[in-house]
Amino acid sequence: MTHTITLIPGDGIGQEVIPAAHNVLAALNLPLAFQTADAGFGTFERVGSALPGETLAACAASDAILFGATSSPMHKVEGYRSPILMLRRHFDLYANLRPAVGVSPGGSRVDLLVVRENTEGLYSGRERVEDGGTTAIAERVITAQASARIVRTACEWALKRRRKLTIVHKANVLKETCGLFRQMAFLVAADYADLTVEEMLVDTAAMRLAMEPERFDVIVTTNLFGDILSDLAAGLTGGLGSAPSANVGDRRPGVFEPVHGSAPDIAGQGKADPRAAILSAAMLFDDLGYAAEARAMRAACFATQHVHNTADTTAQVIDRLRHSLPTARG
Ligand code: IPM
Ligand code: MN
């Protein structure tokens, strides 16, 4: 069966790393069909929408989406909404899986997975100003249903890994929102007798990630905490150049994207690290059932150093795949 993959390069270095990942995927000679679609700030400036209807239609008609990065302005731009946030909502991709693998600056072997809730929390979109602009309010929405399903996802991953789950929250201060998340987390985790389950306040989690990252296996947390801790975990294992992610739900298509942003400072120079995009494509392959290829892509990326040249790094990864995968010998 042919799988259709929608490529959305987006803005900045997305335009470099997604074609690189596409080259890797295409080199594997698998029954894949690719289509490219527009999204991002450049698209918004051109056509007035950051995620045009044709792009959404292309996504809906595909099995998986490989997404680069988009630039989001720091201030409010009338009519602009971040396309990745829209895609997560639109396809109900409630789980954001962010693995971090590598050796930390302190020399410990890190192999952890941040399972970030991806649809609510402080990303509710419910922000407003009051009192003539002197007070700004964001509503943090936590539901029992979304908390339960993200923790269930995390428990399932922990079963396949080292069977340890860390529930991260700040229920000592956010008594209602984090309180509900924590309550649901323990309720769901109680179904998993084979797991070692612990809880940790988010500030403590940040410190212990920095000091003893090897102690973590699966971390499950709410949206913004997961956003921040996954960057920290990426920073511990070589930085954003090699940090992939998967946005998945109960149905396809999922959206697979490097954790890094559009990096306007280095865009257009051919020096972006393509490994995060290639590793994201490997997560996409896992989702489509190409487990052996996904494993080979990870091995090829981990064996390849990035020395400031997108094309060179990509060529090295493809070369390694030609040695490890029969289908890539063409
Ligand atoms: C990420 C990014 C996004 C997020 C931004 C670009 C909206 O930082 O995927 O981690 O905050 O989720
Ligand atoms: Mn982020």
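For the single chain, residues carry numbers from 1 onward in sequence order. Below, all heavy atoms of this structure are taken into account, side chains as well, without hydrogens, waters or symmetry copies. Read the numbers this way: they start at 1 and go in the same order the structure lists the ligands and their atoms.
A salt bridge links Glu198 with Arg215: at least one charged nitrogen is closer than 4.0 Å to a carboxylate oxygen. A salt bridge does not link Arg149 to Asp250: none of the charged side-chain nitrogens sits closer than 4.0 Å to a carboxylate oxygen. In summary, Asp217 and Arg163 do not engage in a salt bridge, as defined by a charged side-chain N under 4.0 Å from a carboxylate O.
In this structure, Tyr290 and Leu25 have side chains that are not in contact, with every pair of non-hydrogen atoms separated by 4.5 Å or more.
Asp227 contributes atom OD1 as its closest N/O/S atom to the Mn ion (ligand 2).
Annotation: cation-pi pair Arg140/Phe181 absent, no NZ/CZ under 6.0 Å from the ring centroid and within 45° of its normal.
In terms of protein heavy atoms, atom 5 (C) of ligand 1 is closest to Ile84 CG2, 4.6 Å. Among protein heavy atoms, the minimum distance from atom 1 (C) of ligand 1 is reached at Arg98 NH2, 3.3 Å. At the top of the distance list for atom 4 (C) of ligand 1, counting protein heavy atoms only, stands Tyr123 OH, 3.5 Å.
For the ligand labelled ligand 1, residue Asp227 lies inside the 4.0 Å heavy-atom shell. Contact between Arg116 and ligand 1 is present, with at least one heavy atom of the residue lying under 4.0 Å from the ligand.
For Ser82, no nitrogen or oxygen atom sits less than 3.5 Å from a nitrogen or oxygen atom of ligand 1, counting backbone and side chain alike. Between Asn96 and ligand 1, no N or O atom pair is found at a separation short of 3.5 Å.
Note on ring orientation: taking the six-membered ring where Trp is involved, the planes of Phe41 and Tyr80 are perpendicular (angle over 60°, cut-offs 30° and 60°).
Residue-ligand proximity, Glu257 to ligand 1, at heavy-atom distances under 4.0 Å covers atoms 9 (O). Per-residue contacts place Arg88 under 4.0 angstrom from the following atoms of ligand 1 (heavy atoms of the residue considered): 1 (C), 4 (C), 9 (O), 12 (O).
Arg109 CZ: 12 or fewer foreign heavy atoms inside a 6.0 Å radius. Annotation: Met1, atom CE; neighbour count of heavy atoms from other residues, nucleotides and ligands within 6.0 Å is above 12.
Of the heavy atoms in His260, none comes closer than 4.0 Å to ligand 1.
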